[in-house]
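Notes to accompany the following structure.
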Amino acid sequence: MSLPRAFYDRPTLEVARDLIGKLLVHVTKAGRASGVIVEVEAYIGENDPACHASAGPTRRNAPLYGPPGRAYVYFNYGMHYLVNAVTEASGRPAAVLIRALDPREGVDLMRRRRARTSGRSADAFGTHELCRGPGNLTRALAIGRRQNRVSLSGGRLHIEDVGLDPGPVAWSPRIGIRVGTERLWRVFVKGHPAVSGPRDRR
DNA sequence: CGTTCGATGCACT
DNA sequence: GTGCATCGAACGT
């Protein structure tokens, strides 16, 4: 079952916690690829200095101000797409960045996609390496600009509740930002091998 | 183990 | 022109 828009129309930290254990799915011509979400970060409002909305509305961050339950995809560091789920009501800019997945369907497809853009051979990738990190998982699932603003409820890119218990989670500072590090707005499955970051943050 | 650093595109000021 | 919500190879210890 695809999560309904109402799932995202809630306080962002609750949505972040509840996205852990859900299945992110992308269906393309090449096939179906999916993974269980094991790590996310919340970016909440214009007062959060790390949120793209911190400088007010712009063309780039417009999806953050739009309706909940859509994808916000943007290009970073000249080579990586990052995918977020937009949360909260329209006019309240907030989202949850998806940072790592435990691969389920289409693992071989993921290997080929990662190999194609990295120069490494497909069989060099361990399963838990394929979707570890926000830039890696968009590669493995072939998520890019075209998925910006699409609905996450029922389309080719969507998030399903598959009734999994992800196990214990932990909260930490967000990774890769220079400001707003005092907020513990990163959630992840404790000890999961697909979670990104230094070992003491997994 | 640990840290540093280059690759690379584009939105924004 | 500046600065990224990154990644991984290359180095030092």
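Residue numbering restarts at 1 for every chain, and letters A, B, ... go by the order of the sequence lines. The model shown is predicted, which means the values in this text are computed figures rather than measured ones.
- Using a 4.0 Å heavy-atom distance criterion, R186(A) is classed as making no nucleic acid contact.
- Counting non-hydrogen atoms under 4.0 angstrom, N136(A) reaches the backbone sugars and phosphates but no base.
- In this entry the distance linking CZ of R114(A) with P of dG8(C) reads 5 Å, nearest Å.
- Here the nucleotide nearest the side chain of N76(A), chosen from dC4(C), dC10(B), dC7(C), is dC4(C).
- Straight-line distance between the C1' atoms of dC10(B) and dG8(C): roughly 22 Å, to the nearest whole Å.
- Interface remark: the N84(A) side chain does form a donor-acceptor pair with the dA5(C) base, using a distance-only criterion of under 3.5 Å.
- Taking a 6.0 Å sphere around CZ of R183(A), one finds it holds more than 12 heavy atoms contributed by other residues, nucleotides or ligands.
- Looking only at side-chain heavy atoms (C-beta outward), V36(A) and K22(A) stay at 4.5 Å or farther from each other.
- When atom types are taken as modelled, the side chain of S34(A) and the backbone of E105(A) share a donor-acceptor pair closer than 3.5 angstrom.
- N61(A) has its CG atom 11 Å from the C1' atom of dC12(B), to the nearest Å.
- When heavy atoms are screened at a 4.0 angstrom cut-off, R139(A) is found touching no nucleic acid atom at all.
- Here Y77(A) does not pack flat against the base of dG9(B), since the 5.5 angstrom centre distance and 30 degree tilt limits are not both met.
- If you check every strand for non-hydrogen atoms under 4.0 Å, Y43(A) touches a base.
- Nucleic acid contact for I177(A): sugar-phosphate only, since backbone atoms but no base atoms lie under 4.0 Å from a heavy atom of the residue.
- Mapping S196(A) and F75(A) onto DNA chain C by nearest heavy atom places F75(A) at the nucleotide closer to the 5' end.
- Rounding to whole angstrom units, OH of residue Y74(A) and P of dG3(C) are separated by 17 Å.
- Taking atom CZ of R183(A) as the reference point, atom P of dA5(C) lies 14 Å away to the nearest angstrom.
- Among the atoms of the strands shown, only primed sugar atoms or phosphate atoms (P, OP1, OP2) are found under 4.0 Å from some heavy atom of R60(A).
- Residue R99(A) places at least one side-chain N or O under 4.0 Å from the OP1 or OP2 atom of dT6(C).
- Between the CZ atom of R120(A) and the P atom of dC7(C) there is a distance of 12 Å, given to the nearest Å.
- Counting only heavy atoms from C-beta outward, the side chains of V25(A) and R32(A) approach each other to under 4.5 Å.
- Across all strands shown, dC12(B) forms a Watson-Crick or G-U wobble pair with dG1(C), both key distances being under 3.5 Å.
- To the nearest angstrom, P of dA5(C) lies 16 Å from CG of L137(A).
- Within 3.5 Å, a donor on the side chain of H52(A) pairs with an acceptor on the base of dA5(C), or the reverse.
- The aromatic rings of H128(A) and H192(A) sit perpendicular, their planes meeting at an angle over 60°, well past the 30° parallel limit.
- The distance from atom CD of E129(A) to atom C1' of dA9(C) is 13 Å, rounded to the nearest whole Å.
- Both M79(A) and R145(A) lie close to DNA chain B; mapped to their nearest nucleotides by heavy-atom distance, the more 5′-ward contact belongs to M79(A).
- Distance L64(A) CG to dA11(B) C1': 14 Å, rounded to the nearest Å.
- Using atom P as the reference point in both dT8(B) and dA10(C), the two lie 15 Å apart (nearest Å).
- For Y8(A) against S153(A), the heavy-atom pair with the smallest separation is CE1-OG, 4.4 Å.
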